[in-house]
2 protein chains.
Amino acid sequence: MPSHFRRIVLASRPQQQATLDNFRLETVAVPELGEGQVLIKNHFLSLDPYMRVRMNAEKGYADPQALNETMIGGTVGTIVASKNPRYAVGEQVIGMLGWAEMGVSDGLLLRKLDTTHIPLSAYLGAVGMPGMTAWYGLTQIMQANEGETVLVSAASGAVGSVVGQLAKLRGCRAIGIAGGPEKCQYVREELGFDACIDYKANDWQEQLLAATPTGIDAIFENVGGEVFDACLLRMNPFGRIALCGMIAGYESAELPIKNARVLLTQRLSVRGFIISEHMDLWPQGLKELGSYVASGKIKFKESIAPDLAAAPEAFLGLLKGKNFGKQLVRLLD
Amino acid sequence: MPSHFRRIVLASRPQQQATLDNFRLETVAVPELGEGQVLIKNHFLSLDPYMRVRMNAEKGYADPQALNETMIGGTVGTIVASKNPRYAVGEQVIGMLGWAEMGVSDGLLLRKLDTTHIPLSAYLGAVGMPGMTAWYGLTQIMQANEGETVLVSAASGAVGSVVGQLAKLRGCRAIGIAGGPEKCQYVREELGFDACIDYKANDWQEQLLAATPTGIDAIFENVGGEVFDACLLRMNPFGRIALCGMIAGYESAELPIKNARVLLTQRLSVRGFIISEHMDLWPQGLKELGSYVASGKIKFKESIAPDLAAAPEAFLGLLKGKNFGKQLVRLLD
């Protein structure tokens, strides 16, 4: 049992673009467990765009990340010591222990994991928060029907890849948007989307037109900005938009929807959502996602940073779309 | 029985701002009725912002107004000749006979009116399309509950005035937005809104803050633009926005939603709608509206242009908010 572990704290708030200086790697002592507590050795940390929002001082839908405290984040790991009768040493759990190699929990927000058919890391991706985000947006907001055209931004990412595959399983036409030919090829050939638009290509607008000859019925939006505005102009009447993220605006002062008029002329519905507010549906969604992942009907790709010290750079890359698939950090084995 | 009547046709399409030159007054012969047709003498013409959208060449949610044809518009009038057994001379009807003193109809899109308790002109306002627009937005999209704060733009107008009064009848706090102290006073004192923000005043932003100490739960939006953007920043979580019009953008190239980020951070729902697509609910809504108007629980104000020839100028004024209450044109007596 180690006496110390490493963690990353928020050292300062970004002015606009987050930088490596905003993070600080520390070594801290493993605390002594109180009654009811467990000690967890983390195997993987999940990096997700929402963390960038929390780094700001303004209260968004959640409190800001506190300075000099462990960065927030989802983790999967193993119980290595327990003073809680509900958890035994050796059990695998998912929790929110943050950017840290180890962590202490009272067990309330932990969930035990079964890795018989689903790999541990997938619980941070397709069978976890990102997968649920995809499932909720598609089934509860976009309500995409068979034969409809569904557009998904950040389509090779942890959330987008699941949206498109779930849409295909429901008989929809799935069109992705991703950055670069390699990601687009993966989205089409591995994930089975019907088309994928390379937003980094000069002819992305032509690609969008060609991929949506009958318009778009529903959008799952992760990014916002210029490409989203162009997609709005392709919307069919009564289209639905699940607004999950606006990554393009996380580091800018404002990110307008320029073609807002289309919301009116096409009678669109737009709804922003945060998956943690819909816990009542997690059992239903995770059951479906788990079954699809176990049977190989939902595929996923991971981008794994080798070590906690590599987390800040991997996170900054994620905000710029440098990751390819779900961004994770490998921690202790 | 006159042998001729006057009408106004669309003479040309606006470049950006509509002008008087876009309209032409004509005198035409009263046509001979065919089998099944009726001849109607129109008493009032309704002027509504949607007409501006139809003047453009682009197809929006409906086909553009044809050049050299009678401008589209709702009318109330009296049957003066009938070759249709369903309609008798002397009956009062509402229809879409356009900017014209008389019109011919096959009766299919006419509805007979009872003016015992409701004045004829109200069927073009609070007990007609504008009232239904208000009713649908409030009850079906905003779903405002007792105690919630409801914000209504163009609050002294035909639609906004009904939204706020219906909201008050449901126990909501109703906050209006209108242009100038006279309209704001009317909205507060006559219509019974809790507060009204004068968007033409220098301190409109302070007024908005003062009027919404606990934020805004639902918006009925007719205008769009800078004021709407400021209101977005006052929205409470899970707020609902009924997007009915974006008058501020009808004569501009684009009208962005600048604070789109709030849709995500506050998990808002926005839905654009057009009341003519929800005819199934008209009987229910009109019954409620008619009862409130007959009992004086819903008040309304009218701005009446004296004659068909005055319609273009009244219409251009409507687009600039110069009207005070429902804009009508008086036609033949």
Side-chain angles (χ1 to χ4, degrees), chain A residues 49-50 53-54 56 58-62 64 133 136-137 140-141 221-226 228-229 232-233 235-278, chain B residues 49-50 53-54 56 58-62 64 133 136-137 140-141 221-226 228-229 232-233 235-278:
Chain A
Y50 75 84
V53 181
R54 301 285 187 92
N56 294 335
E58 304 84 45
K59 183 166 162 45
Y61 46 80
T133 302
Y136 186 89
Q140 307 298 302
I141 300 179
E221 188 54 41
N222 286 303
V223 180
E226 182 188 18
F228 177 51
D229 262 312
L232 276 176
L233 296 178
M235 286 298 280
N236 290 328
F238 311 110
R240 291 83 58 196
I241 299 173
L243 195 61
C244 169
M246 300 185 82
I247 300 181
Y250 288 175
E251 304 207 302
S252 65
E254 67 184 20
L255 187 71
I257 296 177
K258 285 190 183 162
N259 294 325
R261 191 195 312 253
V262 179
L263 303 182
L264 185 60
T265 56
Q266 297 293 72
R267 294 85 89 203
L268 307 183
S269 298
V270 182
R271 204 183 118 200
F273 74 106
I274 292 163
I275 194 57
S276 55
E277 293 177 331
H278 305 283
Chain B
Y50 75 85
V53 180
R54 301 285 187 92
N56 294 335
E58 303 84 44
K59 180 166 160 50
Y61 45 79
T133 302
Y136 186 89
Q140 307 298 302
I141 300 180
E221 188 54 41
N222 286 302
V223 181
E226 182 187 19
F228 177 51
D229 263 310
L232 276 177
L233 297 179
M235 287 298 279
N236 290 326
F238 312 111
R240 291 82 59 195
I241 299 173
L243 195 62
C244 169
M246 298 184 82
I247 299 180
Y250 288 175
E251 303 205 304
S252 66
E254 67 183 19
L255 186 72
I257 296 178
K258 285 191 183 161
N259 294 325
R261 190 197 312 254
V262 179
L263 303 183
L264 184 61
T265 57
Q266 297 294 73
R267 295 84 89 203
L268 307 183
S269 298
V270 183
R271 206 184 116 199
F273 74 106
I274 292 163
I275 193 58
S276 55
E277 293 175 334
H278 305 283

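So you know, we letter chains A, B, ... as the sequences are listed, proteins then strands, and number each from 1.
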For A:P256 versus B:A260, what's the shortest heavy-atom pair and its separation? C-CB, 4.5 Å

Is it true that, when you exclude B:E226 itself, more than 12 heavy atoms of the residues, nucleotides or ligands shown sit nearer than 6.0 Å to its CD? no

Between atom CG of A:L243 and atom CG of B:L268, what is the distance when rounded to the nearest 0.5 Å? 9.5 Å

Can you tell me which portion of B:I257 sits under 4.5 Å from chain A's heavy atoms? Options are side chain, backbone, both or neither. both

How far does CZ of B:R271 sit from CZ of A:R240, to the nearest 0.5 angstrom? 11.5 Å

With respect to chain B, which residue among A:E221, A:M246, A:Q266 yields the maximal number of heavy-atom pairs within a distance under 4.5 Å? A:M246

Within the structure provided, determine whether B:E277 and A:R267 are in side-chain contact (heavy-atom separation under 4.5 Å). yes

